[in-house]
Amino acid sequence: MADEPSTLHLTDPRAMRALAHPTRIRLLGELRIRGPQTVGMLSEVIDEAVGSVSYHLGKLAEHGFVREAPELARNRRERWWRAAHARTDWEPVDLLDDPERRLASDLLRRAVLQRYVERFEAYLDAEATLDPAWVRGTTSSDSFLHLTPDELVELRRELSELGARWQARSNPDRPDARTVTLVWQAYRGPQ
């Protein structure tokens, strides 16, 4: 998780708040999924004005989420951007004693959750148009478990290892490969 060189581990509440903007979450996601792009390309993909995209990329760059990719430019006017890391994570338990960091983490987690909901709704809207082979593998489920805190930590580790194993297997260059979203959650539910 945080040991991976391609993971940015957040502790700064200003960076968390900066990323919590819905447009910035989308931009970072697009750069991670599609690879380096220009402001114009990103503007078309997320349906935002070029000036807005440029502003939000600047904010992301300010906090180390994205960086320019000048080697891809065909001329001095063209600006390419890439994600600086493959993943971003933070430890909520490390933030419990600091109200500012806890609030920033909460804000970011809620923004990320909203993005998950938007992406799943977009999938549901498109599901009827997909090849049934893709729909066959789709899943959405939940389980209610009775665990100790240590068991929850163990479950988290195993889920992270499973995600990492499939991430290592992921290869966008295969002819039939498409972007698949994997989201999991494990948390103590309300009593």
Side-chain angles (χ1 to χ4, degrees), residues 1-12 15-16 19-20 22 24-36 60 63-66 82-96 101-102 104-191:
M1 217 161 103
D3 320 296
E4 298 173 23
S6 64
T7 299
L8 175 62
H9 184 71
L10 290 180
T11 58
D12 181 359
M16 290 178 192
L19 183 56
R24 294 177 198 147
I25 289 174
R26 285 195 67 200
L27 288 169
L28 182 57
E30 290 300 327
L31 290 171
R32 286 179 174 166
I33 291 168
R34 298 173 190 259
L60 289 169
H63 294 283
F65 296 107
V66 300
R82 70 168 29 104
H85 306 88
R87 299 170 43 97
T88 303
D89 75 5
W90 61 98
E91 285 292 333
V93 71
D94 293 345
L95 312 176
L96 290 176
R101 290 170 59 200
R102 188 177 64 246
S105 170
D106 182 64
L107 183 67
L108 179 53
R109 291 184 347 180
R110 289 176 190 276
V112 168
L113 173 63
Q114 186 58 47
R115 184 66 188 135
Y116 291 159
V117 169
E118 290 168 4
R119 287 183 58 87
F120 190 58
E121 285 176 338
Y123 166 77
L124 292 175
D125 290 344
E127 186 177 62
T129 67
L130 295 175
D131 181 323
W134 285 107
V135 178
R136 187 176 303 113
T138 299
T139 184
S140 184
S141 182
D142 58 56
S143 298
F144 296 97
L145 311 171
H146 301 278
L147 304 176
T148 67
D150 287 343
E151 289 170 333
L152 181 56
V153 169
E154 181 180 352
L155 175 60
R156 173 187 167 168
R157 188 188 74 252
E158 288 180 15
L159 289 171
S160 294
E161 289 169 357
L162 179 65
R165 189 175 87 221
W166 280 94
Q167 181 67 43
R169 186 172 170 176
S170 174
N171 180 348
D173 296 329
R174 291 180 294 164
D176 291 341
R178 300 293 181 271
T179 300
V180 171
T181 301
L182 173 64
V183 176
W184 66 82
Q185 295 178 315
Y187 56 91
R188 180 182 169 207
Q191 297 299 317

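The structure presented is a predicted model; accordingly, all values stated were derived computationally and were not measured.
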Item checked: Non-hydrogen side-chain atoms of R102 and L96 separated by less than 4.5 Å -> yes
Check: Any side-chain heavy atom of H85 within less than 4.5 Å of one from R32?
Finding: yes
Checklist line | Any side-chain heavy-atom pair of L155 and L147 under 4.5 Å | finding: yes
Next item on the list: Please tell me if the side chains of V112 and I25 come closer than 4.5 Å, counting only heavy atoms from C-beta onward.
Entry: yes
Item checked: Gap separating the OG1 atom of T148 from the CG atom of L145, nearest 0.5 angstrom -> 11.5 Å
Check: Can you find a pair of side-chain heavy atoms, one from L10 and one from T88, that are under 4.5 Å apart?
Finding: yes
Residues 175-190 side chain polar contacts: donor-acceptor under 3.5 Å, at least two apart:
{"unit_1": "R178", "atom_1": "NH1", "unit_2": "P175", "atom_2": "O", "d": "3.1"}
{"unit_1": "T181", "atom_1": "OG1", "unit_2": "R119", "atom_2": "NH2", "d": "3.0"}

Margin query: Checking R101 now: which residues fulfil side-chain hydrogen bond (donor to acceptor under 3.5 Å, both in side chains) with it, not counting sequence neighbours?
Written below: none
Next item on the list: Just jot down the salt bridge (charged side-chain N to carboxylate O under 4.0 Å, His left out) partners of R115, sequence neighbours excluded, or say none.
Entry: E118
Which pairs would a plain distance check flag for residues 104-111, meaning a side-chain donor or acceptor within less than 3.5 Å of a matching protein atom at least two apart in sequence or in another chain?
{"unit_1": "S105", "atom_1": "OG", "unit_2": "W90", "atom_2": "NE1", "d": "3.0"}
{"unit_1": "D106", "atom_1": "OD1", "unit_2": "R110", "atom_2": "NE", "d": "3.1"}
{"unit_1": "D106", "atom_1": "OD2", "unit_2": "R110", "atom_2": "NE", "d": "3.0"}

Check: For residues 158-174, which residue pairs qualify under salt bridge (charged side-chain N to carboxylate O under 4.0 Å, His left out), counting only residues two or more places apart or in two chains?
Finding: R157-E161
Note to self: So L95 and M16, do their side chains get closer than 4.5 Å, heavy atoms only?
What the structure shows: yes
Next item on the list: Output the distance between atom CG (L28) and atom CG (L60), rounded to the nearest 0.5 Å.
Entry: 6.0 Å
Only pairs under 3.5 Å count here: list side-chain donor-acceptor contacts from residues 122-133, not counting sequence neighbours, and write none if there are none.
{"unit_1": "Y123", "atom_1": "OH", "unit_2": "E127", "atom_2": "OE2", "d": "2.6"}
{"unit_1": "Y123", "atom_1": "OH", "unit_2": "T138", "atom_2": "OG1", "d": "2.9"}
{"unit_1": "T129", "atom_1": "OG1", "unit_2": "A126", "atom_2": "O", "d": "2.6"}
{"unit_1": "D131", "atom_1": "OD1", "unit_2": "A133", "atom_2": "N", "d": "2.8"}

